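Just so you know, these numbers use all the heavy atoms, side chains as well, and skip hydrogens, waters and symmetry mates. Nothing fancy with the numbering, it's 1 onward along the sequence. Keep in mind that this is a model prediction, so the values were computed, not measured. Order of appearance sets the numbers: ligands from 1, and atoms from 1 within every ligand.
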Amino acid sequence: MNACTYTVPPVLDPDVMFDELEKKIKESCPGFDTGRIRAAYDTAKMAHSGQNRKDGSPYVTHCVAAAEICVDMGLEEDSVISALLHDVIEDTNITHTDIAHQFGVAVADIVEGVTKLTRVQYTSKEDEQMENLRKMLMAMAKDIRVILIKIADRLHNMRTMMFQSPEKQRSKSLETMEIYAPLAHRLGIQKVKWELEDLSMQYLDPTGYCEIVRSLEDKMPMLESFMDSMKERIQRRLDQEDIKATVFCRIKHVYSIYRKMYSQNLSLNGIFDLCAFRVIVDTIPDCYNVLGVIHYMFKPVPGRFKDYISTPKPNMYQSVHTTVIGSEGIPFEVQIRTWDMHHTAEYGIAAHWKYKMEDGGSAVRAGDEDKFAWVRRLLESQQDSDATDFFHNLKIDMFSDEVFVFSPKGDVINLPAGATPIDFAYSIHSDVGNHMVGATVNGRIVNFDYALQNGDIVEIRTSKSAPGPSRDWLNIAKSGSARTKIKQWYKKERREDNIVRGRAMLENELKQHGLNLDDFMDEEFFLNVIKRFSFTTANDMFAAIGYGGLTSTRAANRLKDEYARTAKPERKSAIDKMTEAAERREQNAQKQGKAVHGILVEGLNNCLVKFSRCCTPVPGDGIVGFITRGQGVSIHRCDCENYLSHMQHEQNEGRWVNVSWASEITDSYVTTIIILSKDRTGLVMDIATVLNSVNAKVRTLSARDNGSGNAITHVTLEVKNATELKNIMAKIRNIQGVSQVIRNGK
Ligand code: MN
């Protein structure tokens with residue numbers, strides 16, 4: 001074996017290749033319609049006629065090779081057909097409609113999906129960008145077969161990379177290492193992952209690669225005799241123990257040795273476990289029996305035992321690993337697994353329809369981590385259907401609530417699904433958002449509310465003289481961060497306005513208490529109050545009142561209290577005046593039939609009124625009053641659970657009184673609603689978005705899951721009346737996953 005020099009293969013005859021593929025399919029995939037597959041080959045051959053690969057072979061040889069990889073990976077008929085046709089939309093006149101007409105919509109969709117992925121252009125980026133890129137590809141693919149065919153396509157291109165220019169070799173290898181090998185790994189296709197890694201490494205570090213290959217060749221006689229003797233010893237022993245097992249042995253793949261050398265700073269001679277043994281058995285108990293035998297025969301290396309059977313890897317990989325010391329003190333690794341686990345390790349997700357569907361056995365194992373949960377979920381829901389159906393329904397829903405788009409520089413930006421150019425602009429920088437005057441997507445001008453699609457290239461046009469965000473943007477933006485930044489802009493840029501507005505609001509509020517702001521602007525207590533609210537200057541406080549960070553009522557109450565507390569004798573009269581004014585106001589209210597807090601209590605004048613916390617009534621609700629001991633009348637809703645259960649009690653007799661809402665109400669009322677929903681990511685965001693869109697004054701919003709995949713969210717907000725509340729509740733009910741929206745107290 002010598003992988004460092006290439007022998008140039010002869011120009012290939014596609015017809016011969018396809019005949020061989022057809023033979024293979026007839027042998028290993030008896031259910032396939034070879035007539036249909038041959039028709040796909042004929043179509044591809046005709047469409048690509050006149051096009052050649054870099055090695056001089058007709059282009060269609062690449063399509064046949066990709067299809068063969070799909071057969072080897074265990075994919076089903078539509079995938080093999082799609083692989084034959086995977087480049088026709090991109091490179092020939094054939095359209096989605098043509099393919100759908102001849103081979104069905106499923107095949108046409110897959111081919112189109114592969115085409116879309118092919119069109120994605122990327123340059124090498126940092127790890128985080130790569131992760132986004134991989135997610136973007138997954139999200140764009142929609143059907144997992146698209147990814148699998150794209151991987152097969154890439155594998156063949158890597159196998160024939162020697163015909164490309166050095167620049168292309170490097171860039172494609174880097175891309176393979178960063179995108180396709182991790183994707184193959186995530187889908188659990190170890191065999192393909194290894195081959196992709198080794199092929200890429202040949203171009204990324206040819207010297208390092210050749211060094212390892214040559215050293216391995218030098219060691220080969222020694223390694224082979226060691227492997228043969230160990231394999232024989234283990235097999236014999238297992239036969240004696242009456243355990244049905246097959247022992248395999250292999251040299252580890254080049255890139256894994258390379259990585260180990262670099263991560264542990266070792267030379268090849270320093271790495272002992274160059275070979276890996278694999279024992280494959282029929283049952284899980286036998287896995288552990290074999291482990292016992294191995295540990296009895298050889299001394300285990302402490303800390304190297306790993307049980308991926310009880311705790312599978314995220315990509316569904318299962319095996320027991322152990323490292324032991326063999327003859328002459330050479331350590332080696334043994335992997336023990338069942339045939340089921342073996343197929344999963346080799347073929348990943350593809351194993352599930354290739355092997356499991358034929359057996360009719362369970363395709364799912366417990367304990368998979370979240371990363372693969374979507375696959376598991378799909379597998380679970382598809383267990384009973386036949387393989388084709390299963391495949392057809394195997395859609396990728398993993399990233400359904402995210403969208404991935406490109407910046408003009410090629411960075412992948414990850415936004416919530418439905419995000420708009422406004423979200424994109426603010427995700428780049430507040431300044432970009434604040435100075436945005438327009439947006440283009442894939443070179444075309446779009447509206448600000450355009451919903452971005454996966455793979456879109458988004459460009460924001462900005463101008464120094466931009467007027468800044470409009471209030472509408474708060475409703476258009478889908479991401480919380482964009483809305484926060486827009487609000488921040490209003491807070492900052494409109495400071496002068498806010499100061500004027502806030503000051504006027506406070507003056508007005510103080511006037512109600514008979515106080516004049518100008519009278520005490522310079523006094524110490526005023527400055528203390530400002531400090532107590534954590535502001536530096538009076539203008540800061542006015543600005544906060546202006547944009548709604550502090551209510552004028554709260555500020556005025558504090559000022560009033562402090563004014564009274566620091567009262568000097570000469571001020572007495574002022575305080576008296578103030579109290580008088582307040583009393584007069586209340587008396588007037590009574591006289592005019594106006595009410596305290598908008599409530600009229602039958603038979604009681606000027607009484608203290610408070611709203612019960614259990615049911616938080618708002619104007620428009622049917623209400624009833626309860627005379628508390630020393631705290632005035634507490635107001636309940638007529639349908640309040642507390643009221644309904646206590647109204648009959650003897651001890652409460654005579655304490656329930658009739659109350660009503662005043663005809664003119666200007667206050668806002670605080671109330672609480674409860675939202676029952678599925679517990680999903682983005683839910684709180686969606687609720688907040690809806691609340692924001694109706695300009696609800698939210699005081700608190702808290703969500704918690706109740707353990708069974710459901711969530712309960714409490715929202716406390718201010719409303720004018722029951723009609724406004726009803727509207728808000730109706731809007732929330734429309735949010736995806738929300739099952740019930742109720743008021744508290746019920
Ligand atoms: Mn291709």
Seminar exercise, completed: Protein-side N, O or S atoms sitting under 2.8 Å from the Mn ion (ligand 1) are His62 NE2, His86 NE2, Asp87 OD2, Asp153 OD1

Exercise. Will you find, in the side chains of Thr420 and Asp449, an N or O donor that is under 3.5 Å from an N or O acceptor?
Worked result: no

For this session: Sequence neighbours left out, what passes side-chain hydrogen bond (donor to acceptor under 3.5 Å, both in side chains) with Arg278? Give chain and number order.
Result: Gln335

Problem set entry | For Thr160, all residues meeting side-chain hydrogen bond (donor to acceptor under 3.5 Å, both in side chains), sequence neighbours excluded | Arg53

For this session: Determine whether Phe406 and Val458 make a side-chain contact, defined as any pair of heavy atoms from C-beta on separated by less than 4.5 Å.
Result: no

For this session: For residues Val71 and Cys29, determine if any side-chain heavy atom of one lies less than 4.5 Å from a side-chain heavy atom of the other.
Result: yes

Problem set entry | Residue pairs involving residues 52-95 (criterion ring pair (Phe, Tyr, Trp, His ring centres under 6.0 Å); sequence neighbours excluded) | His48-Tyr59, Tyr59-His62, His62-His86, His62-His156

